[in-house]
Amino acid sequence: MTTYRDLVQRALSVCHANLEMGLAHAREQEPFILRVSALLDGLGLEYAVRMTRGFDVVFNVEYPDDDLNGTEERVRHALTAEFDAEADGGGLVVSHRREAGIQCRVIFGDIPQ
């Protein structure tokens with residue numbers, strides 16, 4: 001029979017393995033995320049970067065109240081010069097063209113506090 005401590009150890013092992021896989025993914029996507037950030041910096045937009053518990057990155061891009069479509073188009077144009085970008089419900093999913101699984105989201109609107 002499995003003891004309680006064995007169950008705890010198994011649960012911790014699974015959490016540790018998931019964390020290690022997330023860290024490996026974070027290392028793989030770092031150059032991509034830094035490049036997306038540099039492209040947004042080049043547009044002079046205000047934005048915030050967030051990371052989910054699953055190590056997925058989300059850029060929250062602020063835009064002037066009267067220029068949502070213009071801001072989206074500028075961002076899309078800048079990002080598609082180097083990456084794939086598809087519309088996704090109020091934002092974009094930006095993907096690396098040669099490395100599967102390397103992607104981030106760009107959401108337009110107020111930057112969360």
Side-chain angles (χ1 to χ4, degrees):
M1 175 174 199
T2 304
T3 67
Y4 178 76
R5 288 183 186 221
D6 290 337
L7 294 173
V8 170
Q9 186 59 40
R10 285 184 193 169
L12 288 174
S13 294
V14 169
C15 289
H16 182 74
N18 287 336
L19 184 59
E20 287 297 325
M21 288 188 318
L23 288 171
H25 178 67
R27 284 189 291 273
E28 289 173 356
Q29 73 179 359
E30 183 177 15
F32 167 77
I33 297 300
L34 292 175
R35 185 61 189 145
V36 170
S37 183
L39 291 170
L40 293 175
D41 287 342
L43 294 174
L45 297 171
E46 185 178 342
Y47 66 91
V49 183
R50 305 283 190 254
M51 182 176 282
T52 68
R53 288 182 177 201
F55 294 90
D56 297 320
V57 175
V58 178
F59 289 88
N60 291 93
V61 177
E62 186 93 24
Y63 63 89
D65 290 336
D66 59 348
D67 193 30
L68 170 60
N69 292 333
T71 300
E72 283 185 25
E73 187 57 36
R74 287 176 48 218
V75 169
R76 182 190 303 272
H77 185 266
L79 295 175
T80 57
E82 297 183 32
F83 307 112
D84 292 330
E86 294 183 24
D88 180 41
L92 300 170
V93 174
V94 183
S95 304
H96 197 285
R97 289 185 176 143
R98 293 179 303 278
E99 295 182 43
I102 304 296
Q103 66 181 25
C104 66
R105 292 200 69 222
V106 177
I107 297 174
F108 300 95
D110 293 332
I111 296 174
Q113 298 302 322

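Please read all numbers here as calculations on a predicted model, not as lab measurements.
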Approximate separation, where rounding is to 0.5 Å, of Glu20 CD and His25 NE2: 14.5 Å

From Leu7 atom CG to Leu12 atom CG, the distance as rounded to the nearest 0.5 Å: 11.0 Å

Atom pair CG (Leu79) and CZ (Arg74), whose distance is rounded to the nearest 0.5 Å: 11.5 Å

Taking every non-hydrogen atom, the tightest pair across Gln29 and Gln103: OE1-O, 3.8 Å

Heavy-atom closest contact (Leu45 atom, Tyr47 atom, distance): O-CD2, 3.5 Å

same_hphob_cluster(Val57, Val36) at 4.5 Å side-chain heavy-atom cutoff: yes

Spacing of Cys104 atom SG and Met51 atom CE [to the nearest 0.5 Å]: 10.5 Å

Check: Asp6 main-chain N/O paired with Thr2 side-chain donor or acceptor under 3.5 Å: no

Single-linkage hydrophobic cluster Val58~Phe55, side-chain heavy atoms < 4.5 angstrom: no

Ser95 vs Phe32 side-chain heavy atoms within contact, under 4.5 Å: no

Single-linkage hydrophobic cluster, 4.5 Å side-chain cutoff, Val75 and Val93 together: no

Same apolar cluster: Leu92 and Val49, side chain cutoff 4.5 Å: yes

Reported CZ-to-CD1 distance for the pair Arg35 and Ile33, which is rounded to 0.5 angstrom: 13.0 Å

Within 6.0 Å of CD in Glu99, more than 12 heavy atoms from elsewhere: yes

Mutual orientation of the aromatic rings belonging to Phe83 and His96 [parallel < 30°, tilted 30-60°, perpendicular > 60°]: tilted

Within one Ile-Leu-Val-Met-Phe-Trp-Tyr cluster: Phe108 and Val94, side-chain cutoff 4.5 Å: yes

Spatial distance of atom CG (Asp41) from atom CG (Leu34) [nearest 0.5 Å]: 10.5 Å

Minimum heavy-atom distance Ala85-Thr80, with the two atoms named: CB-CG2, 3.7 Å

Arg97 CZ: over 12 foreign heavy atoms closer than 6.0 Å: yes

